[in-house]
Amino acid sequence: MRDGAESFALADRTFFDWPGNWDLEATRFPAPPLPEGWTHDENEAWSFCRPPRDANRQLPDQGWKIHVSAAPEDAERTLADVADYCVRHGLLFKYLKSANVLRALSRKYAQRSSAGKLLTVYPVDEADLARTLEGLDAVVGGRPGPYVLTDLRFREGPLYVRYGGFRALYMEDVEGGGDLVTAVRRPDGTLEPDRRTPVFHTPDWVPLPDVLKDSLAARQAVDDFPYRITGALHFSHGGGVYRAEPAGEHALGAGAPSVVLKEGRPYSGTDGVGRDAVARLAHEHRILTTLAGLPGIPRTFGTFEVRDHLFLVLEDIEGQDLQSWLAGVYPLTVPEPDEAAVAAHRDRALALFGRIEALVASVHGRGIRIGDLHPGNFIIRSGDIPVLLDFEVADAIDRATPSSLGAPGFHRADATGADGDHYALAAIALWLFLPLAALGGLSPDKAPALLDTAARRFGLPEDLVARLAGQLAPAAQPAPAAQSGGAPPRALASAPGPFPGPDLIASLGRGLRDSATPHRTDRLHPGDFAQFAEGGAGFAHGAAGVLWARHTALGDRDADHGAWLRAAADRVPAERIGFYDGLHGIAYVLAELGDEEGARHALDRAEGQLAVRHCPSLYRGLSGAGLNLLHFAERWADDTARATALRLADRVTDRLAAAHREPVEHKRRTGSRHAGGLMYGWSGPALFLLRAHQATGDAQLLDEAVRAVHRDLDRCASGPQDTLQVDEGFRLLPYLDNGSAGIALVAAELLRHRDDDRIRAALPGLLRACSSDFVIESGLWGGRAGLIGTLATLREWVPLPAADAERQLHRHLANLQQHAMTLNGATVFPCDGRARISMDVATGGAGVLLALAAAERGTPLLPFLTDSRSAAAVHPAVPERARGAHGAATPAVPSGPEGTADNGREVS
């Protein structure tokens, strides 16, 4: 799963949800008794206990806070003891609502910045901090609990301290790419991010209280660590994985030039049966000792302990992980795969799979089942020789209980003994040819359907396909919820063919409507887990986008759901002003649904924040707000909105000038830094500057729009088959949000107004990248739907004969079936990462709906992308052939399959 997803995948096995909803009532902690005058309330994860107001003990906006951790078996006792102390001393405190929330925040892939905390106590000043630490240490000092990585441990724990905000205060993190983050206020009144990185630090203007100086000295004491760390390979809440060189006299494996250290942190990184990382690492050492000498099993040099952290010392294997290996050799990551390359990959992958099977069989021969077998746990040496890593949950092969951990799609929760490994092997074989095996974790019948596609596309041997089909067949009974966590899965099934059927758009709409939960205030439709960070109402991941998609593609206008969105606008922090993550997008949709008053109210709430925003992006910054203000200026004949929008355009051009003074770095995107494309790069601002030019006739704004697209083109590199894609240094991206598709949408719109040689020369390569054969995700932002929507919107620009352009578009439409599922008979799609079903615009069904409607009905893909005043005028830069074939009209796409082989593309 993606970072942070695991905690939101425990409460519901179909949709992401708050961990606080994971069997809440069955695992709720007893509420501490509170005296008269105290108040008790809750949010999604925490319960708050507030003492009566006392003028002499007013809580500040920020200060030193105390976190209390606890081992799961001791959590209820520690909660009761700390709560009793806080009540007796009039201290505001909060605690996790349930044992399951504590478990969720202790899992291996829980967010490291929030993991380990059971309670938070809020002293009012430093004197109160010292008294409280001493008092609580006398009550719970020395009890076991996980280390809170963001904090400084007080003495022997389980008390941890950090300086941070007490009340919600937000700001734009300019250095972090424009994200909205919590903040603290400096002495001069300015804000700075309240950074919650997994290492203790204090703001440069905050002195360390005397009561913490001994604790800091103990933390900074140099241990006799017998290795020199040379690189970090992986991080989780359970601990890191590092490459290191033996340096001390006690180093294990001293003869090796380098080793790998796996770290286990106590009471952290727990699995499905509650074992922590230390227990699993010690267990892994025992398993590796049993397997010593087998080819393809790394040598272990033993374990050592530092400050209660266990380290396992392993042979450093030279090679690349299996996922990177496949990304480098997979033949379908181009618009027109070479059939000789497809056949060569089949033969090479089959040979590798044979070696993987032999390796697993040798492990079984030693009486061991692996339990957590998936592509991420293999290193491929030169010559395609596999090495198997990670035996944390391995066990005796005759073990009668299922494995306690497993990757979605590679883990069958009901399988015991060797059966689980055999299922995982079959899923790995499928993955080598069609890397969508994770979908089997959502819908058990998806893997056999994908196997059929892979077998036809690669011409797999019939005997192998028959064997894999038997191993991948759905279990007769679904796995019990206790093994997988959360409520049992709903009636998900693989979507039937042919695809796309004539009623697909209606079926998608039905799925969106059926998923609505108007009784909840945190979300209206389930979506990507990002909706919980953004508030559940925004355009990208929340209600606004789904309602706009339903209205645009289907003509839906649900009054109750519109009222839900209007009420939600008041719950969104005023600082969250963006079009796709906040108030501007909500205002736009409210007006489209007929609620002009609600739209004005949302815009009024956002108005005061415009002056302090700097990020130029379309997603959350000045360009999205500026486009929206231009829209409302025209809609309402509002000169004030127009003037504000034009001031924002000036600020965007200033940011663009500053960007051009910096070198382009081809790195992974962080927020809007190092991005190229529509949502986070400079193509979104170019669209805003173009619309500002149209509103004013100012030629300089058009010049700046051209420069903005040039800046995005600077981030691109040539890819296979004359494609042009955004270059992140280690991968090329063709997508809509951060990739070449988003650049193409704006480049084509800009060419209608200015014939720029560089943009005109780049557009064919940008569009060729949108014809990728295999795409690992289905969504609009980073998947196949975005490529479909781009090709459909820019039909007249595609540098192919008309029949070939339609064939490529239809191939995308047909291959959506690889991702599609049904839920209670309605078509649905998974989120990015394929871990849960999503209904949102960015990653889920609403975005697919918009792409299909753009392809079949010519409806807008997203707001502001096309302009009715210019859509009928095809720029002279369009090739004559394309104008003759398509003109400016958007023809319907046939609803039946063309008969091309199912295939796809993986770029991420």
Asks: I'd like to know whether Glu728 forms a salt bridge (Lys or Arg N to Asp or Glu O under 4.0 Å) with Arg731, so could you lay out the CA-CA distance, the side-chain angles of the two residues, the decisive distance to 0.1 Å, and finally the verdict.
Replies: CA-CA 6 Å; Glu728 284 200 329; Arg731 61 179 177 178; 2.8 Å; yes
Asks: Between Gly165 and Val184, which heavy-atom pair has the shortest distance, and what is it?
Replies: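 Answer, listing the atom of Gly165 first, then Val184: N-CG1, 3.6 Å.
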Asks: Distance-only criterion, 3.5 Å: show the donor-acceptor pairs between side-chain atoms of residues 671-689 and protein atoms not counting sequence neighbours.
Replies:
unit_1	atom_1	unit_2	atom_2	d
Ser672	OG	Gly177	O	3.4
Arg673	NH1	Glu175	O	2.9
Ser683	OG	Asp712	OD2	2.6

Asks: Please list all pairs passing the salt bridge (Lys or Arg N to Asp or Glu O under 4.0 Å) test where one or both residues lie in residues 695-704, with sequence neighbours left out.
Replies: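 Checked against salt bridge (Lys or Arg N to Asp or Glu O under 4.0 Å) - neighbours excluded - the pairs reaching residues 695-704 are Asp703-Arg754, Glu704-Arg707.
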Asks: Going by atom type alone, with no hydrogens or angles, which donor-acceptor pairs under 3.5 Å involve a side-chain atom of residues 587-595 and a protein atom two or more places apart or on another chain?
Replies:
unit_1	atom_1	unit_2	atom_2	d
Glu592	OE2	Arg635	NH1	3.0
Asp595	OD1	Arg566	NH1	3.4
Asp595	OD1	Gly598	N	2.8

Asks: By side chain to side chain contact (heavy atoms under 4.5 Å, CB included), which residues pair with Val664, not counting sequence neighbours?
Replies: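 Testing Val664 for side chain to side chain contact (heavy atoms under 4.5 Å, CB included), a comparison that skips the adjacent residues, returns His666, Arg711, Asp714, Arg715.
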Asks: How close do Arg513 and Leu554 get, heavy atom to heavy atom, and via which atoms?
Replies: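 Minimum heavy-atom separation between Arg513 and Leu554: NH1-CD1, 4.0 Å.
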Asks: Any side-chain to backbone donor/acceptor pair from Glu777 onto Gly833? Under 3.5 Å, distance only.
Replies: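 Yes: the side chain of Glu777 pairs with the backbone of Gly833.
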Asks: If you measure only the distance, is there a donor-acceptor pair under 3.5 Å linking the side chains of Thr843 and Ser838?
Replies: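 Short answer, yes.
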Asks: Got a sec: does the CD of Glu596 have more than 12 other heavy atoms crowding it under 6.0 Å?
Replies: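 Check passes, neighbour count above 12.
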Asks: For the atom pair CZ (Arg758) and CG (Leu763), what is the distance rounded to the nearest 0.5 Å?
Replies: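 Rounded to the nearest 0.5 Å, the CZ-CG separation comes to 13.5 Å.
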Asks: Answer yes or no: is there a side-chain heavy-atom contact under 4.5 Å between Ile505 and Arg857?
Replies: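 The answer is yes; the side chains approach within 4.5 Å.
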Asks: With the side chain counted from C-beta on, respond yes when Leu733 and Ser740 share a heavy-atom pair under 4.5 Å apart, and no when they do not.
Replies: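 SC-SC contact between Leu733 and Ser740 ruled out.
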Asks: Assess the side chains of Ser771 and Arg768: does a donor N or O sit below 3.5 Å from an acceptor N or O?
Replies: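 Arg768 and Ser771 do not have a side-chain donor-acceptor pair below 3.5 Å.
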Asks: Test of understanding: with ring pair (Phe, Tyr, Trp, His ring centres under 6.0 Å), list the residues that count as partners of Phe632, not counting sequence neighbours.
Replies: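 Checked Phe632 against ring pair (Phe, Tyr, Trp, His ring centres under 6.0 Å); matches are Trp636.
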Asks: Take Glu172 and Arg620 through the salt bridge (Lys or Arg N to Asp or Glu O under 4.0 Å) test and state the conclusion after the steps.
Replies: CA-CA 10 Å; Glu172 177 188 54; Arg620 62 170 56 87; over 6 Å; no
Asks: Using the side chain to side chain donor-acceptor pair (under 3.5 Å) criterion, which residues pair with Arg167? Sequence neighbours excluded.
Replies: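 By the side chain to side chain donor-acceptor pair (under 3.5 Å) rule, Arg167 matches Asp61.
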Asks: If every non-hydrogen atom of Ile586 is compared with every non-hydrogen atom of Ala537, which pair is closest and at what distance?
Replies: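 For Ile586 versus Ala537, the nearest heavy atoms are CG1-O, 3.5 Å.
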Asks: Mark yes or no for whether Arg642, through its side chain, and Ala695, through its backbone, hold a donor-acceptor pair below 3.5 Å.
Replies: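 Indeed, once roles are kept as given, a pair shorter than 3.5 Å links the two residues.
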Asks: Examine distances only and state if a side-chain atom of Thr653 and a backbone atom of Asp650 form a donor-acceptor pair shorter than 3.5 Å.
Replies: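 The answer is yes, because a donor-acceptor pair under 3.5 Å joins these two groups.
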Asks: Applying side chain to side chain contact (heavy atoms under 4.5 Å, CB included), name anything that partners Ala543, two or more places apart in sequence or on another chain.
Replies: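 Testing Ala543 for side chain to side chain contact (heavy atoms under 4.5 Å, CB included), a comparison that skips the adjacent residues, returns Leu524, Trp564, Leu565.
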Asks: Report yes or no: does Ser623 contribute a side-chain atom to a donor-acceptor pair with the main-chain N or O of Pro616 at less than 3.5 Å?
Replies: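 Such a contact is found between Ser623 side chain and Pro616 backbone.
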Asks: Does this structure show an ion pair linking Arg655 with Glu662, if we count only N-O contacts that are shorter than 4.0 Å?
Replies: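 So Arg655 does not pair with Glu662 through a salt bridge.
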Asks: Tell me the closest heavy-atom pair linking Ala851 and Ile788, and the distance in Å.
Replies: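 Minimum heavy-atom separation between Ala851 and Ile788: O-CG2, 4.0 Å.
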Asks: Taking Arg613 for the side chain and Glu575 for the main chain, is one N or O donor matched with an acceptor at less than 3.5 Å?
Replies: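 A pair under 3.5 Å: yes.
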Asks: Asp188: which residues meet the side chain to side chain contact (heavy atoms under 4.5 Å, CB included) condition with it, sequence neighbours left out?
Replies: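 Only Arg186, Thr190 meet the side chain to side chain contact (heavy atoms under 4.5 Å, CB included) criterion with Asp188.
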Asks: Measuring from Leu656:CG to Arg661:CZ, what's the distance to the nearest 0.5 Å?
Replies: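 That separation rounds to 10.0 Å.
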Asks: Decide yes or no for Phe16 and Cys831: does some side-chain heavy atom of the first lie under 4.5 Å from some side-chain heavy atom of the second?
Replies: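 Heavy-atom side-chain distance check passes, below 4.5 Å.
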Asks: Between Thr723 (side chain) and Pro720 (backbone), is there a donor-acceptor pair under 3.5 Å?
Replies: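 A pair under 3.5 Å: yes.
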Asks: Checking side-chain contact (heavy atoms from CB on, under 4.5 Å) for the pair Cys615/Leu622: CA distance, chi angles, key distance, verdict?
Replies: CA-CA 6 Å; Cys615 176; Leu622 300 176; over 6 Å; no
Asks: Which pair of non-hydrogen atoms, one from Leu849 and one from Ala553, has the smallest distance, and what is that distance?
Replies: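 Looking at all heavy atoms of both residues, the shortest contact is CG-CB, 3.7 Å.
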Asks: Can you confirm whether more than 12 heavy atoms, excluding those of Gln721, are under 6.0 Å from its CD atom?
Replies: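 Correct, the count exceeds 12.
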Asks: Please report the C-alpha distance between Trp548 and Phe539 in whole Å, then the side-chain angles of each, then the deciding distance to 0.1 Å, and finally whether the ring-ring contact (aromatic ring centres under 6.0 Å, His included) criterion is met.
Replies: CA-CA 8 Å; Trp548 188 78; Phe539 198 106; 5.5 Å; yes
Asks: List the steps, then state whether side-chain contact (heavy atoms from CB on, under 4.5 Å) holds for Val775 with Leu787.
Replies: CA-CA 9 Å; Val775 186; Leu787 306 186; 3.8 Å; yes
Asks: Between Gln694 and Arg691, is there a side-chain donor-acceptor contact under 3.5 Å, judged purely by atom types and distance?
Replies: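 Side-chain D/A pair, Arg691 to Gln694: present.
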Asks: Go through the side-chain N and O atoms of Arg550 and His561 and say whether any donor and acceptor fall under 3.5 Å apart.
Replies: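 Yes, His561 and Arg550 have a side-chain donor paired with an acceptor closer than 3.5 Å.
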Asks: Is there a donor-acceptor pair closer than 3.5 Å between any side-chain N or O of Asn628 and the backbone N or O of His584?
Replies: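 Judged by distance alone, yes, a pair lies under 3.5 Å.
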Asks: Kindly write out the residues that satisfy side chain to side chain contact (heavy atoms under 4.5 Å, CB included) with Asp654, not counting sequence neighbours, or none if the list is empty.
Replies: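 For Asp654 there are no side chain to side chain contact (heavy atoms under 4.5 Å, CB included) partners, ignoring immediate neighbours.
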Asks: Donor-acceptor pair, His551 side chain versus Val546 backbone, under 3.5 Å?
Replies: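 Here the side-chain-to-backbone pair does not exist.
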Asks: Under 3.5 Å, is there a donor-acceptor pair between the His601 and Asp570 side chains?
Replies: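 Side-chain D/A pair, His601 to Asp570: present.
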Asks: Could I get the full list of side chain to side chain donor-acceptor pair (under 3.5 Å) partners for Asp757, not counting sequence neighbours?
Replies: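 Counting only residues at least two positions away or on another chain, Asp757 forms a side chain to side chain donor-acceptor pair (under 3.5 Å) with Arg760.
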Asks: Got Phe829 and Leu780 here, is their nearest side-chain heavy-atom distance under 4.5 Å?
Replies: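 Heavy-atom side-chain distance check fails, nothing below 4.5 Å.
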Asks: Are the side chain of Asp179 and the backbone N or O of Val181 linked by a donor-acceptor pair below 3.5 Å?
Replies: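 Judged by distance alone, no pair lies under 3.5 Å.
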Asks: Using a 3.5 Å cut-off and no angle test, enumerate the donor-acceptor pairs between side-chain atoms of residues 527-536 and protein atoms at least two apart in sequence or in another chain.
Replies:
unit_1	atom_1	unit_2	atom_2	d
Asp528	OD1	Arg2	NH1	2.6
Asp528	OD1	Arg2	NH2	3.2
Asp528	OD2	Arg2	NH2	3.2
Asp528	OD2	Ala530	N	2.9
Gln531	NE2	His525	O	3.2
Gln531	NE2	His541	O	3.1
Glu534	OE1	Tyr619	OH	3.2
Glu534	OE2	Tyr619	OH	2.7

Asks: Treating Arg795 as the side-chain partner and Ala855 as the backbone partner, does any N or O pair qualify as donor plus acceptor under 3.5 Å?
Replies: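 Answer holds: yes.
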Asks: Report yes if the side chains of Arg784 and Val848 come closer than 4.5 Å at any heavy-atom pair, otherwise no.
Replies: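 A side-chain contact under 4.5 Å is absent here.
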Asks: My understanding is that only residues two or more places apart in sequence, or in another chain, count here; which of them pass salt bridge (Lys or Arg N to Asp or Glu O under 4.0 Å) with Arg669?
Replies: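 Testing Arg669 for salt bridge (Lys or Arg N to Asp or Glu O under 4.0 Å), a comparison that skips the adjacent residues, returns none.
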Asks: Do the charged groups of Arg195 and Asp173 touch, with an N to O distance under 4.0 Å?
Replies: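 Salt bridge between Arg195 and Asp173, a charged N being under 4.0 Å from a carboxylate O: yes.
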Asks: Please give me the minimum heavy-atom distance between Leu504 and Leu852, naming the atom from each residue.
Replies: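 Nearest pair, atom of Leu504 first, then Leu852: CD2-CD1, 3.4 Å.
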